[in-house]
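One structure below.
Each chain gets a letter, A, B and so on, in the order its sequence line appears, and its residues count up from 1. In this text, all values refer to a predicted model and were calculated from it rather than measured experimentally.
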There are 2 protein chains.
Amino acid sequence: MVTLAEVARHAGVSASTVSYVLSGKRTISQPTRERVERSIRELGYLPNAGARALASSRSNIIALMMPLRTDMYVPVMMDIALAVATTAREHDRDVLLLTGQEGPAAVRRVVGSGLADAMILMDVELQDARLPLLHESPHPSVLIGLPADTTGLTCVDLDFVATGRLCVEHLAELGHREVALIGEAAAVYERHTGFAERTIAGVRERAGELGVRVLHRPCEGSYEAMAGTLARILQERPGTSGFIVQNESVLGPMLSLLRQQGRAVPEDASIVAICPDEVATQGSVALTSVAIPAREMGRRAVELVMPKVEAAGRGGHGRPVPDRIELIPPRLTVRASTGPAPVAGRG
Amino acid sequence: MVTLAEVARHAGVSASTVSYVLSGKRTISQPTRERVERSIRELGYLPNAGARALASSRSNIIALMMPLRTDMYVPVMMDIALAVATTAREHDRDVLLLTGQEGPAAVRRVVGSGLADAMILMDVELQDARLPLLHESPHPSVLIGLPADTTGLTCVDLDFVATGRLCVEHLAELGHREVALIGEAAAVYERHTGFAERTIAGVRERAGELGVRVLHRPCEGSYEAMAGTLARILQERPGTSGFIVQNESVLGPMLSLLRQQGRAVPEDASIVAICPDEVATQGSVALTSVAIPAREMGRRAVELVMPKVEAAGRGGHGRPVPDRIELIPPRLTVRASTGPAPVAGRG
DNA sequence: TACGTCTGTCGAAGCGCTTCAATTCGGTTC
DNA sequence: GAACCGAATTGAAGCGCTTCGACAGACGTA
């Protein structure tokens, strides 16, 4: 392994000069800088991460804590993780992957040992067990998702209340008066994951304002579950013509079932999905949908955490970065799965 | 931050004693050990990762390089990653998440800087650009997937040749004489990702032995693509009664299409899927499938890399761990999507 | 000419840990 | 009772980098 000292000798300068060339924290004359840079290249020098972390007390690593469970739409998680990793690299940081496995203690271990400079937490629950640790720790963190109490926290999430409102609004404008919200698996609600509840709240709120009737039903991610849920909905509210689907994994089954029952989409039933765009476009019918901006969430999480890391880096100088809740506004894309409500013997 | 020196003072011993208690590399008397451990607990001491890495020249971090693209079944990638992370923690290691973004240079950067002690590479291509770097680097690595030339490499993968053979065998036993393999998207083949080719090879091989006719067609992951592919297959080989499906994302569309065409599964068409068990069980028909053992692959990758890390850690003493290709034997689970071939005017 | 100023570079301290050689000490052994 | 032993513990030397204060020299100013 080539060390900084060897580079210095090779370039005929002192070690500190090399260090300053690398960090840019002091002005170095053009010729000296070039000489050093040439030596670095010729020797194939790579700074030792451990030594750097020790001397500067910053590891340049951001920890990302993922959920271990896979009852929620996995590709979204994956996209967020990849976006976090990619964006972190743009800021010259690396990402440490933690699973929920280890529990809240992982937070302490990782930042307490200086392994990571900051944390990004995914799959935040309303009363998340990790929150107390974040509060007592001086380390920067950003949550993806919204807990019940956001005091002193920085969070980023899709605005699910607005998402719910938007879906209802779109259906209402098309004349639908009876709408069903096909939600996540019951376990997701029991865990109080926030986003599911917030969607319902938004749906109910706007439905109330627009005089639309709403039925909400959780649904597991299987064909049978979807079949049962759909049957129950149509039995309880035969006039239901608009569907908002939040559990992406039942979209395929739902389309199959409607077709089997002779209900045409969108003539007899309109569907608004809440899912990534790729999912909305790959089924047998291109779905009107509100996109889950997974990549944007991951990217914003890193961008929100970076100023904090930098502020903390200056020995705590550089005034603290204010906390911030960033709700990404939903975008609804109209595709082929929504249309005017059927007149259905009412008109 | 509490340091080791403070723990030593608090416990009334020297720093080295505390270090040895922590590492267990020297015998420490019972009473001393307990005193030190109490001090550690009382002070809430956490060893500094950077200092440890610098002094021991091991970071206790394993880098995991994921593909950036998402044209292959994402949940499998995710499961592998989570299994890697979980298993690594069982060995007291952490995982650094790298994306393909940075290219082969990431390998050099990460192990060259001592950021990670070892690498696990996913989504290996037959002629992978990262292989030369692995060969010249003294750092341990394990590949998930099989390149063309495995000399000097340790790899773990599902045995896709055996998988192909197994699928054909199962269908042949049921009397199917014409079989179609619905493969991955064309891009996957163009990239020479190995597993896709190996599956075909296995299928053809066994089909030849058993006198079964085979048609192979790549297929994108959309409903339309599946519709087209299925139509073409049935046009070219109307007698096709057995299907092997490798692109998991078209399973749903495929079942819909067959149903629409009045082909019953498994009476008129038998389907063997190559996919994770969760996918096989959640559609409208429980699918006979060969499982993709994502979690096992992730776990084994870590278990294969650990002895190498430990051997390298002993200053290169401890004889080198031999290279090894570990092919996980496929397991086929019979479910409801396969049955006896139709007699079809032949009998 | 003498002074302060600024720029570019250097020397040295030290980050918190591991590890090796050295030391202490109670217990054997002859 | 001297010589020896192994087990437990310690001291000190780094690991490779960052960073701070010092300093030499070039420059402008009085």
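Closest-nucleotide positions on DNA chain D for Ser56(B) and Ser29(B) were compared, and the one nearer the 5' end corresponds to Ser29(B). Comparing Arg33(A) and Ser23(B) by the nucleotide of DNA chain C that holds the closest heavy atom to each, the one mapping nearer the 5' end is Arg33(A). Comparing Gly12(B) and Tyr45(A) by the nucleotide of DNA chain D whose heavy atom lies nearest to each, the residue mapping closer to the 5' end is Gly12(B).
In this structure, Ile28(A) atom CD1 and dT18(D) atom P are separated by 13 Å, rounded to whole Å. Protein atom CG of Asn60(B) is 13 Å distant from nucleotide atom C1' of dC17(C), rounded to whole Å. Note: CG (Leu22(B)) to P (dT19(C)) measures 12 Å, nearest angstrom. For Arg35(A) and dG8(C), the CZ to C1' distance is 12 Å, given to the nearest whole Å. Between the P atom of dG16(D) and the CG atom of Asn48(B) lies a distance of 17 Å, rounded to the nearest Å. Separating the CD1 atom of Ile40(A) from the C1' atom of dC17(D) is a distance of 13 Å, rounded to the nearest angstrom. Between Leu4(A) atom CG and dC10(C) atom P the separation is 12 Å, expressed in whole Å. Computed from coordinates, the Gln30(B) CD to dT9(D) C1' distance equals 16 Å when rounded to whole Å.
Side-chain N or O atoms of Ser59(B) include one that pairs as donor or acceptor with a backbone N or O of Leu115(B) at under 3.5 Å. No donor-acceptor pair closer than 3.5 Å links the side chain of Arg58(A) to the backbone N or O of Ser56(A). A donor-acceptor distance shorter than 3.5 angstrom exists from the side chain of Thr86(B) to the backbone of Leu82(B), with no hydrogens or angles considered. When atom types are taken as modelled, the side chain of Asp79(B) and the backbone of Val76(B) share no donor-acceptor pair closer than 3.5 angstrom.
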Where along nucleotides 20-28 of chain D does protein come under 4.0 Å, by heavy atom, of base (B) or sugar-phosphate alone (S), with - for untouched nucleotides? BBB------
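If you take CG on Leu153(A) and OG on Ser141(A), they are separated by 6.5 Å, rounding to the nearest 0.5 Å. Rounding to the nearest 0.5 Å places CD1 of Ile62(A) at 9.0 Å from CG of Asp94(A). Rounding to the nearest 0.5 Å gives a distance of 7.5 Å between OG of Ser29(A) and CZ of Arg35(A).
OP1 or OP2 of dC10(C) sits under 4.0 Å from a side-chain N or O of Thr17(A). Phosphate proximity of dT18(C) to Ser19(B): present, with a side-chain N or O under 4.0 Å from OP1 or OP2. Distances shorter than 4.0 Å separate some side-chain N or O of Lys25(B) from OP1 or OP2 on dT19(C). For dG16(D), the OP1/OP2 oxygens have no side-chain nitrogen or oxygen of Thr3(A) closer than 4.0 Å.
Counted within 6.0 Å of CD on Glu90(A), heavy atoms from surrounding residues, nucleotides or ligands total more than 12; the atom is thus considered enclosed.
Contact annotation for Leu54(B): base contact, defined as any heavy-atom pair under 4.0 Å involving a base atom.
Electrostatic pairing of Glu42(B) and Arg38(B) counts as a salt bridge here, judged by a charged N lying under 4.0 Å from a carboxylate O. Glu303(A) and Arg299(A) are joined by a salt bridge, as a carboxylate oxygen and a charged side-chain nitrogen come within less than 4.0 angstrom of each other.
Scanning DNA chain D for stems, defined as runs of 3 or more consecutive Watson-Crick or G-U wobble pairs whose donor-acceptor distances all fall under 3.5 Å, gives the following ranges: C:1-30 with D:1-30.
Distances from the side chain of Thr27(B) to the nucleotides dC17(D), dC10(C), dA8(D) place dA8(D) closest.
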